Visitor: 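Input: one structure, supplied below.
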Amino acid sequence: MEHTDIKALGGQVGASVTVLGWVVTTRTSGKIAFVVVRDGSGYLQCVVSKRDVTDEVWSRLAELAQETSVRVAGVVRADPRQAGGVELTVTDLAVIGPSVDFPISPKEHGTSFLFEHRHLWLRSRKQVAIAKVRHRVFQAIHDFYDQRGFSHVSTPILTGSIGEDAGNLFATEYFDLGQAYLAQTGQLYVEAACAALGRVYCFGPTFRAEKSKTRRHLTEFWMVEPEVAFADSEDNMRLQEDFVSYLVARALDQCAEELKELERDLAPLERVVPPFPRISYTDAVAKLNQLGSDLAWGQDLGGDDETLLCKEYDRPIFVKNYPKEVKAFYMKENPDDPRTVLNNDCLAPEGYGEIIGGSQREDDHDRLLARIEAQGLDPKAYGWYLDLRKYGTFPHSGFGLGVERTVAWICGIPHIRETIAFPRQIHRLYP
RNA sequence: UCCCGAGUAGCUCAGUCGGUAGAGCAGCUGACUGUUAAUCAGCGGGUCGCAGGUUCGAGUCCUGCCUCGGGAGCCA
């Protein structure tokens, strides 16, 4: 359909154009009316003057309820008072689709109501800004790995063998083969693929049936998981800090308007450059004890501990070498301290906490088998995974970055559920 | 699963000591040629989450249940 994107009007002052979009608000003042229209590319104030249009067009203003879809023709006029620098002097206006009693008014609403109307809430300014940042982050993820010679691998969503433990997996019947599970990680599969391609990553939805009710959890979320052959834990952290810094830099570069709309303080983001501070779990516990936490060695860091620790630094940090007992079976033992493993978490500042969990993988067949058996897992289900250690085993490392947590942090919004179009939570499967 | 908190108009909320159900916004009608969540005047709008109990009388007090929100644990 013949029309011009609102975003492109800045360079077309004086031109006659047609815009297609939806009515945001209308204001009338007797013989002049202001209609704000959005089209996904931007927002435009359309000015209708009674003396400049036919009576028929003027009378149509009464039909322009919130979210009515419209075709507006007019002349682009420079106006420094407008956000985009231009407004439209309307010559013709037609309703494409009426909108009666749109439920989301410009005033305040509660979260419950908004998520019940998520399909419509997506149209609001702040939600559009978040969605655009998310899109840029997705694109930056692919660009980063492409530039570094990684191949994308699509790992299965339906799986038989299991990543971590069975307690929080979604199960479904799978023909005659019993239970299948929705993947909660693609990691085991990218380990296989990295022996074929060297540097790989998977990027897809993951599913966790955890009954978590916090601002950091969804039951369905997106995770990007790189895996690198012949990389140790130190190489792994260097990749992570380069990656996180790249994502933030791209957002600062490409999403300035959106971050302004979200009223994001850019200063903490501008400090996100390598290297990130590295602190061992053992040192972190000692430091937290000094800061007043009663965390004991051997316990996993809680959310409050993470926040407390992060306040000591001005950028994301790595906490590395956690106790073996609190971590997954596939992580390689730390030769310098066998109580711990060669892993790391990356904690984002400003209270956002863990955005990455990564590790060097156990590459010794017998040690891995022992860990699988010790955790009560069925070695037969992991036969193919153990094979990777039988046929040319190799040191390798990787990590998983939670995309929604990362987007929430970049946008500076308090809850990750707004970073995905249709969040899945314990009490939400609609819309 | 555990610990808090909340359910009253389309939305956000107030509702005192138990005594006729309220406001703002939204909607509708009208006025206004430069408004940015416009302003001004007027109008309509209720299964007080559900069930039971106490009482002459319950939005309000008691019991049970349901739903939702925040947090914990778990994790990215």
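Being a predicted model, the structure only gives us computed values, none of them experimental. Computed from heavy atoms alone, side chains included, the values below leave out hydrogens, waters and symmetry copies. Letters A, B, ... mirror the listed sequences (proteins, then strands); counts begin at 1.
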Visitor: State, yes or no, whether a side-chain contact exists between A/R118 and A/R417 at a heavy-atom distance under 4.5 Å.
Guide: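 The answer is no; the side chains never approach within 4.5 Å.
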Visitor: Mind checking whether A/P274 and A/D242 have side chains closer than 4.5 Å, heavy atoms only?
Guide: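 A side-chain contact under 4.5 Å exists here.
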Visitor: Could you give the NE2-to-P distance, from A/H109 to B/rG24, as a whole number of Å?
Guide: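 Between P of B/rG24 and NE2 of A/H109: 18 Å.
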Visitor: Find the distance between CZ (A/R339) and NZ (A/K324) and round it off to the nearest 0.5 Å.
Guide: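 Taking CZ in A/R339 and NZ in A/K324, the distance rounds to 11.0 Å.
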Visitor: Rounding to a whole Å, what distance do you find between A/E354:CD and B/rA76:P?
Guide: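 My rounded result for the distance is 5 Å.
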Visitor: Specify the separation, in whole Å, of atom OH of A/Y352 and atom C1' of B/rC75.
Guide: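 Taking OH of A/Y352 and C1' of B/rC75, I get 18 Å after rounding.
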Visitor: Taking only the C1' atom of each, what is the distance from B/rA21 to B/rC48 in whole angstrom?
Guide: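 About 8 Å, rounded to a whole number of Å.
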Visitor: Suppose you measure atom C1' in B/rU35 against the same atom in B/rA31; what distance do you get, rounded to whole Å?
Guide: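 So the two C1' atoms sit 16 Å from each other.
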Visitor: The test is salt bridge (charged side-chain N to carboxylate O under 4.0 Å, His left out); show your working for A/R134 and A/E258 and say whether it passes.
Guide: CA-CA 11 Å; A/R134 181 185 169 101; A/E258 287 77 16; over 6 Å; no
Visitor: Can you tell me how far C1' in B/rG44 sits from the matching atom in B/rA26, rounded to whole Å?
Guide: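 My reading of the C1' atoms in B/rG44 and B/rA26 gives 13 Å.
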Visitor: Tell me the interatomic distance from A/E116, atom CD, to B/rC11, atom P, rounded to whole angstroms.
Guide: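 Whole-Å distance recorded here is 11 Å.
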Visitor: Is there a donor-acceptor contact under 3.5 Å linking the side chains of A/E225 and A/T185?
Guide: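 Yes.
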Visitor: Taking the same atom, P, in B/rU60 and in B/rG7, what whole-Å distance lies between them?
Guide: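 Nearest-Å result for B/rU60 against B/rG7 at atom P: 12 Å.
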Visitor: Could you tell me the separation between the CD1 atom of A/I426 and the C1' atom of B/rU67, rounded to a whole number of Å?
Guide: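 One finds 14 Å between C1' of B/rU67 and CD1 of A/I426, rounded.
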Visitor: So what does A/G353 touch, heavy atoms closer than 4.0 Å: a base, only the sugar-phosphate, or nothing?
Guide: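 Touches nothing.
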Visitor: A/Y322 OH to B/rA76 P: how many Å, rounded?
Guide: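 The answer, rounded to whole Å, is 10 Å.
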Visitor: Got a second to check how far A/Q127's CD is from A/I413's CD1, nearest 0.5 Å?
Guide: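 A/Q127 atom CD to A/I413 atom CD1 measures 7.0 Å (nearest 0.5 Å).
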Visitor: Which value, in whole Å, describes the distance between the P atoms of nucleotides B/rU16 and B/rU8?
Guide: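 Those two atoms are separated by 16 Å.
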Visitor: Strictly under 6.0 Å, is that where the ring centroids of A/F144 and A/F150 end up?
Guide: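 So the answer is no for these two rings.
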Visitor: Do the side-chain N and O atoms of A/Q240 and A/N344 include a donor-acceptor pair separated by under 3.5 angstrom?
Guide: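 On atom types as modelled, these side chains qualify, holding a pair under 3.5 Å.
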Visitor: Generate the contact string for nucleotides 27-35 of chain B. Rules: B means base contact, S means sugar-phosphate contact only, - means no protein heavy atom under 4.0 Å.
Guide: -----BBBB
Visitor: For A/F113, answer base if it contacts any base atom (sugar-phosphate contacts may also be present), sugar-phosphate if it contacts only those atoms, and nothing otherwise; contact means non-hydrogen atoms under 4.0 Å.
Guide: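 A/F113: backbone/sugar contact only, no base atoms under 4.0 Å.
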Visitor: Could you work out the separation of B/rA14 and B/rG22 based on their C1' atoms and round it to a whole Å?
Guide: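 One C1' to the other, the span is 7 Å.
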Visitor: How close or far is atom P of B/rA76 from atom NZ of A/K327, stated in whole angstroms?
Guide: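 Whole-Å distance recorded here is 6 Å.
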Visitor: Can you tell me, in whole Å, how much space there is between the P of B/rC50 and that of B/rG34?
Guide: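 Comparing P positions in B/rC50 and B/rG34 gives a spacing of 49 Å.
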Visitor: Determine the interatomic distance between C1' on B/rC75 and the same-named atom on B/rG18; round to the nearest Å.
Guide: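 Their C1' atoms lie roughly 50 Å apart.
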Visitor: Using a 4.0 Å heavy-atom cut-off to protein, can you give one letter per nucleotide of nucleotides 69-74 of chain B, 5' to 3': B if the base is in contact, S if only the sugar-phosphate is, - if neither?
Guide: BBBBBB
Visitor: Got a minute to check which stems RNA chain B is part of, using Watson-Crick or G-U wobble pairs under 3.5 Å, three or more consecutive?
Guide: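 Runs of three or more consecutive pairs: B:1-7 with B:66-72, B:10-13 with B:22-25, B:27-31 with B:39-43, B:49-53 with B:61-65.
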Visitor: Between A/E234 and A/K320, is a salt bridge (charged side-chain N to carboxylate O under 4.0 Å, His left out) present by the stated rule, with each step listed?
Guide: CA-CA 10 Å; A/E234 295 301 317; A/K320 61 178 189 174; 3.7 Å; yes
Visitor: Quick one: does NZ or CZ of A/R125 land under 6.0 Å from the six-membered ring centre of A/Y43, within 45 degrees of the ring axis?
Guide: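 Yes, cation above the ring, under 6.0 Å and within 45°.
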Visitor: For A/I104, answer base if it contacts any base atom (sugar-phosphate contacts may also be present), sugar-phosphate if it contacts only those atoms, and nothing otherwise; contact means non-hydrogen atoms under 4.0 Å.
Guide: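 Nothing: the residue A/I104, judged by heavy atoms under 4.0 Å, touches no strand.
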Visitor: Find out whether A/E404 and A/V407 are in side-chain contact, i.e. whether some heavy atom of one side chain is under 4.5 Å from a heavy atom of the other.
Guide: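 Counting from C-beta outward, A/E404 and A/V407 never come under 4.5 Å.
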Visitor: Using only heavy-atom distances, determine whether the side chains of A/Q82 and A/R77 contain a donor-acceptor pair under 3.5 Å.
Guide: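 A/R77 and A/Q82 do not have a side-chain donor-acceptor pair below 3.5 Å.
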Visitor: When you check the side-chain N and O atoms of A/N321 and A/T340, is any donor under 3.5 Å from an acceptor?
Guide: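 Absent: no donor and acceptor within the cut-off.
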Visitor: Without decimals, in angstroms, what is the distance between A/D305 CG and B/rC75 P?
Guide: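 Distance check: A/D305 CG to B/rC75 P gives 14 Å.
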